[in-house]
Structures are given as structure tokens and as C-alpha cells.
Amino acid sequence: MSFSLAHALTGLFWLGALLLLGGLARRASLWQQGRSASVSWLGLLAMPKRYFVDIHHVVAREPAVARAHVAAAGGGVAILLLSALNYGLMLYQGWLDVLLVLMAAVMLLGARMMQARRLQAPPRLSQGRWQVLPARLRLFALGSLLAAGLLFAGPQLGMAGQLIAVVALLMLALGGAELALGIGLGWPMKHAVAGLLHLAFHPRAERFAGKSSDLKPLNLAAGELGVAKVEDFAWNRLLSFDACVQCGKCEAACPAYAAGQPLNPKKLIQDMVAAQSRGSDPAYAGNPHPGREAAVVVKPGEDIVGSVLAAETLWSCTTCRACVENCPMLIEHVDTVVNLRRHLTLSRGEVPGKGSEALANLRNTDTVGGYPLAVRYHWAIDLDLPVLQPGEQTEWLLLAGEGAFDMRYQRALRALVKVLKAAGVKVAVLGEAERDCGDVARRLGDEAGFQRLAKANIATLAQYRFAHIVTPDPHVFHCLANEYPALGGQFDVWHHSKLLEHLLARRAIPLKADATPLPPLTFHDPCYLGRYNDGFNAPRNVLKGIGIKVVDMQRSGRDARCCGWGGGAAFTDIPGQRRIPDMRMDDIRETGTGRVAVACPNCTAMLEGVVGERADVIELAELVAERLA
Amino acid sequence: MKIAVLVSPAVHPVSGRPCAGEADLAALALAQRLPGELQVWYAGAADDAALADYLARGADNIHSLSLSPDSDVLAALGSALQGVDMVLCGARSGGGDGSGLLPYQLAEQLGAALLPDVLDLSKSDRQWQAVQALPKGVRRTLKAGLPLVASVNPRAATAPGWSYARLQQGKIKRKAATGAALAPVVLEPARRARALVAASKVSGHARMQGAIAGGDAKQAGVVVKQGDSVEKAQVVLDYLRQHQLVDF
Ligand code: SF4
Ligand code: SF4
């Protein structure tokens, strides 16, 4: 009997392997709809490290789920490998059966833990086939356990043994189908195959070597104008969508979703899956974009926006990267949002709300608000701040950014200049020669406008000699530090929080000696400083350095909630149930400090724009200036 | 039907850079709604970059008559537009020395009817019907047969959004042209506006008192202090009815 069971297992193994390969080929043909992309096959070698290290960083934030996954997936992979050896290659070794039984037990445990979690599934998890997956995996694990156990026990079980063998085979077939057919039919276990390939051929492979949050330039001369149809995505981008496990961590982190704007990042990714699979996959069973139907109609050959996706969904995104930060499958939502926006802006010229006005202002005046460049440094008229002339040199070049036109933020800028002067820092500005950095243009999809501004700025900056650039605007900072290099601009750029931290550490800023202790406050992490550039510590160290205790909000640091400005969202202003800054103000209120420190002109404007009772909004530099001796 | 739209660069009020003029854009957008073969024309000395906004906002190509900066565009346009059934242009230029006279002069030269400051154009029977914008929101219907020249109000229609792809695809076709000499521009100082004189020297507070604090019957004002809000509203309504200020 053991002989025939072993052969049945061999047959089942190879049948499963064939089905899996067939399904993979089918899915690969869907990915092939996309454009070619330059990927390195070495990614396949790097896969284990990316799986065990990079993914682990994200998954470990939820330890219980991580343990369940390690047990289920680890057990499952071990079962497959052992089966391949023992039955696939027909070794039929007893000791391998023992190992199999052990691994099956581990997997059973993992699947059990997952099932338990599914009983009280948080609303962010998708239902449908995902809900029944743990049960199927349990079947598979139990089937393996029984089969291997039987084989190890030998032929002496008789009738009962035969019966159990049949049951075990049935279980294996049912459970194994999830994996064997999953990739081809778009069932949940698709994620295992697509996820591993995604790790190998990640569209942003450099993120495994360090931080990578810059948007990639379009080759406008070659006619690249963003993504209109599925075919315009790179093939490995299509692959990345298939890696999604519909865990909804992105949904739970998304400020636009929480505000009831019509954007659910999980659904966005699934919309892309629906578009590329032409609706052949099982229907989506998770939360929709707020206020919209979950069902999508895919019309082959049509543009994605307008058929699968509404434009408002894209324009709701603040590009805060909370979704990317939380995605265990390392999917890059922001790239996709911006790629799709680029088509709307560059080809269709459809930018809602004040977005098109902002872009027109940038074209006509090189400022977002349509201001004359000559007035950018009017707030510094009495501060004796040198305006650099071409050929002149300074150690620090201050770029004030668009905040210089805002009367509220001018106070912060004046405070910053005061502190820098007190610390003896040699600083100068560009005056009229400073243009907008292009952040808003780029996030609103106007890549042509961004490249024009960036190139003009790079050419301007080349005329001056300076060692470092400092800016209080995280958007300027991010653009210059991370996005200008691709266009040929290499600068040593500092956010003012880092410079202040540096100066405080060197005791270069003369502080009041007998300072009375200040009441604690909370700190709002700007997305473009924090998640985009890991600048979590510098502002906190500055506050510590001037003797202020920071009471962090529940959502702070890596998990901070966006203020609602980023990505041009303050301009497109897609309506929702609530406003994002109001929600952030609630977070601030929860700390009970009544004061919030900010380190970005846009966060300042958004949080000060909250109506009714609200916490005081104070810029980092203002707090330091208050402590000056 | 052949339709020609005339466009010219405006001067951006903040930066002084050339950009599209609002009224010309509205003319372009209005023309795109009409059936017929559309041509976009420019005459003058502006370079291609100054016309870029029109390409990006919906003009497939622009015929540009290159003239020296000191020449009058009227003759060159007039001869280029022979045989065109309908000419649309902005009611006023977006800057420079434009006088707003061009549509009138052009209509005269082409022997066409002129519809000034139109908000909308539609066909009725064999004629074209225009909605004309007059001050204070007043509208008037004008009718004319072809050929006609219409100057378009900036609020007539909205051109498509600015698109980089359209800018890349659009073409500017240059033709050399000769223009007549421009009559010298004569600048004169603006006449000083007459100061407003108040009709009565009594203070605002006193006049308000006079209107409400009626002791004798001659004064119209009544202060209603009694009654609930419905009764008070009734008093107001009665007053309005009595003076025929409402008719319900
Ligand atoms: S995109 Fe990532 S975070 Fe969002 S549901 Fe999919 S796997 Fe989870
Ligand atoms: S970047 Fe932020 S706003 Fe945009 S989808 Fe992700 S979480 Fe939502």
C-alpha cells in the first residue's frame, strides 16, 4: 500500500508542478503586456536576502501575524521542497517522511493561527477567497501530515490505512490546488509566486540598497508621457501589482482613505490587477474607494482612468508614502499614482481644482502662488541677509522656498535667520534668482514643468559658489537632494532641522543660561522629511537640545499622518467626509500638550488652517529663536 | 464653413512673460464647438514660444504671419482671411498696444457683419445668432448672416486644459507677410476723474435714525419689537407688498 500511496504522491506532485507552471506562463503573458524594463537577473540571487531582511523589516511590526506567516509559509515551502525530493525525485526515504511530518505540523500550526486571526478579521483585510485560504492551507498541511505519517508507519495499517490514505490524498489535492492553480487563476496564493518574482525584479531595486523615495524622470524627448493604458506600465510594475496580498495595511495608513476621499490604496492596486487581468480574476472582496462601487468594468483597449479608475481617486493622494512604508509586499503605490497622473496632466491637460492654476502659475511666474520672484525675500529686508551675486561665494546657501510668500511662515524664516546669525553661520540667499523647486509640478504629474524648473535651477546654482544648501522646506530639500541628481544637479542639501541639530550639538547657538523649563509639546513629522528621508531624529534632537520634552502622537515618526498638503492635494482638493488636517489636529489634541512643533511651511499652513479650537502651531526655528541668549 | 480664430500673446501681469490671452482662448474654445473647418491665425512679430500656450490649449496648428513689430497687421490679415466665412477673435487683446479696434476694421475690410462681445454663437435658420454681453449682466441677441466677424467675451467658453502633448504635436506655420506702416501712437494724459459728491451731508447714522425712528406718521419707519419671528416677518412682508416690492 505504501508503494501505491508514494506513487500517487509522485503523480500529484508533478501534476501540481505542471499546473503551476502552466498558470505561471499564463500570468507571465499578462505581465508581458507591459513595456520592457531594464532588470537584472542577479535580482533572483538577491531574492532570499530581500525576503528575509527587507520584508522582515515591514512584517515584524505586527509580530503575531509575522509568526503565523513564518510558520505557514516556512512549513509550506519546506513541505514542497521535501516532497520534491522524496516523491518528485522518487527517493521514498523514511527519514524524509519524518521531516515532512514535522514540517506539516509547523505549517498546520501557522495556518491555525491565521485562521484564528481571520475569525476577528480587521476590516482592512479582504474577504472572499482570502477568508477561506487558511482553512485550505490547513487541509494541505493535514493531508501532508497524514500521507507522510502513513508512509513512515509502513503497510501494516490495512483497511483503515487505505481509507486514511484516500482522505489524505483528497486533502492534498484540495489544499494543493490553492497553490497550483492560484497563480494562473489569480487566487490568493498568486502572491507567493508573484511576490517572490517581484522581489527579484522590483521596479525600484535600489531601495534594497538604501532609502529610495525619488520619482523617476520621464524621457520626454522619447515621447514618454505617463501611463494611459496597461501596456504603458513596465512589465515588472504589472508583476508588482500581482504581489499584493490585500492585507490592507496601506488602506489603514492612508490619510485620504481615513478622510473619506475616494481613494483606497489597496483597491487602487487591485484596480490595476483587474485592468491587467481583464477581469479574469475573482472579484475584489475588500473595502471600495470611499463613496464608490467596488465593482469595476474593464474595457480592453481603453485608458485606465475613466474606465477602471476615476480621476478623483488619483488626485486624492497626498503622496505621503504611508502606504509604501507599510506594504509588506514592498509595492510602490506613489509611483503608480504619479505615473497615471502624468498621463492626465501631460496628455489630457486635466488637472482638477486649483491644480491647473498652480501649474499655470509655475509656467508663467516660476512660483506656485503666482508671485513676483522679486518679492521672495522681502521679509528679510531688515535682516542684512546677503543676496549672492553670480561668482560670489558663501558657505551656506539658504533656499526659503514658496513659504517665503506666506506671511505666517515669514516669521519662521526670520527666526531661522536670526538663529543662524547668532550661531555665526555664514549664510546668503539667491534673492530673485530662486525659482520654485518643481515639487508641486512633479507630483501633479507635470513632469515637463518639473524638468524645466529643475534644469533652470541647476543652471542658476552652477553660477554660484557655496558649500551647502539649507532649506526649511522638506519638499525643496527632497527635490534637490534626491531628484535633482538624476537631472545632473549634485548638491549637499540639509534640512534646517539637521543644521540646527548640528549647531546645537556643537554648542554653537548661544542659549539662555537660566532658561525656565518649557512646557512639553508634540512634534508633527513632515512626510517629505520623515518617511521620504528618514529625518525622524534631527527635529527631536533640536527640541531636546533646547530643553523641550516631546510627547509623541500615537501616529508619529514612520507612522505619522500627513497634514494633507503633499502631492498637490491641497490644490486639487478632492472632497471627502473630513479634512485631513482636521484629523491630524485630533491626533495632536490627543497628546494634551496644546502645542505642536512643525518643520515644514506646508504643514504649518495646513495645521494653522484648522478652524475652531486648535493647538498652537510653532516652527522649529521659532522655538530655538525663543531660547536665544 | 471656414472658421478662422485670431490669437495673439498676452503679457502676464506678474512676470511680464508672454502667455495666452483670456479672450483669445475663449474665442478658440467657442470656435471648437462650431461645425466647420477651423484655422488659427496670428499676425505680428511674436516668436513661436509666445504662441505655445495656444497650441497646448487646443490649437492643432497656428498660421503665423510674420510681420515686423512696427507694422499694422490689418492688411495682412485681411488678405489672408479672404474666403473665410467666420472670423472669431478676443474682444480685447491681453496686452501690448492692442486697441480693440481690430475686429471692427477687419469686418469693414472683409465686408462682413460684426458681432461684438459675444458669449455664444448658434445657428438659427440661415442666420447666425449671437448672445452679446452688455454691462451689468444684461444679454442681447444679435443675428447676422455670413460672412461675419465676432469678437468674443473672455467668459464665453473655456479652452481645454494646458497639455504638454498637444504642445509637442502642435505646429506653427510661418508665412512671410508685409504689413502697412502703423499710424504713430499718440499718448495723452488721462483726464482726471470727477470726484463724487455726496447727495446729502447728514451722517449715515442720522439718516438711519431718520428712516426708522418715526415719531410722526410721515416717516416710513416702524420698529417692531413685539411678537414672535413670524409676526415680525409678516410686518416686513406687508410693507414690501404695499410698496409692490414683492409680488407673492
Ligand atoms: S498593496 Fe501592500 S499593503 Fe496594500 S493591501 Fe496590497 S500588500 Fe497589503
Ligand atoms: S501616498 Fe498616502 S495618500 Fe497616497 S495612497 Fe499612499 S497612504 Fe494614501
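The chains referred to below are lettered A, B, ... by the order of the sequence lines, with proteins before strands, and numbering in each begins at 1. Keep in mind it's a predicted model, so treat the numbers as computed, not measured.
- Counting heavy-atom neighbours within 6.0 Å of B/R155 CZ, excluding the residue itself, gives a total of 12 or less.
- For the atom pair A/Q451 CD and B/Y164 OH, the distance stands at 8.0 Å (nearest 0.5 Å).
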Report all side-chain donor-acceptor pairs from residues 181-189 of chain B shorter than 3.5 Å, counting only partners two or more places apart or in another chain.
none

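- A/N364 pairs in a side-chain contact (heavy atoms from CB on, under 4.5 Å) with only one of the listed residues (B/C19, B/P18, B/P13), which is B/C19.
- Atom OG of B/S163 sits about 11.0 Å away from atom CG of A/L344, to the nearest 0.5 Å.
- Interface check for chain A: of the options B/G16, B/P160, B/A165, the most heavy-atom pairs under 4.5 Å are formed by B/A165.
- Contacts with chain B (heavy atom to heavy atom, under 4.5 Å) involve these residues of residues 220-235 of chain A, listed by number: A/L220, A/L225.
- Distance CG/A/D366 to CZ/B/R17: 4.0 Å, rounded to 0.5 Å.
- The local environment of CD in B/E22 is sparse, with at most 12 non-hydrogen atoms from other residues, nucleotides or ligands closer than 6.0 Å.
- Here the shortest heavy-atom pairing between A/S347 and B/R166 reads O-NH1, 4.4 Å.
- Considering only residues two or more places apart in sequence or on other chains, B/R92 meets the side-chain contact (heavy atoms from CB on, under 4.5 Å) condition with none of them.
- With sequence neighbours left out, the side-chain contact (heavy atoms from CB on, under 4.5 Å) criterion links A/C479 to A/C437, A/D439, A/R443, A/F450, A/E483, A/Y484.
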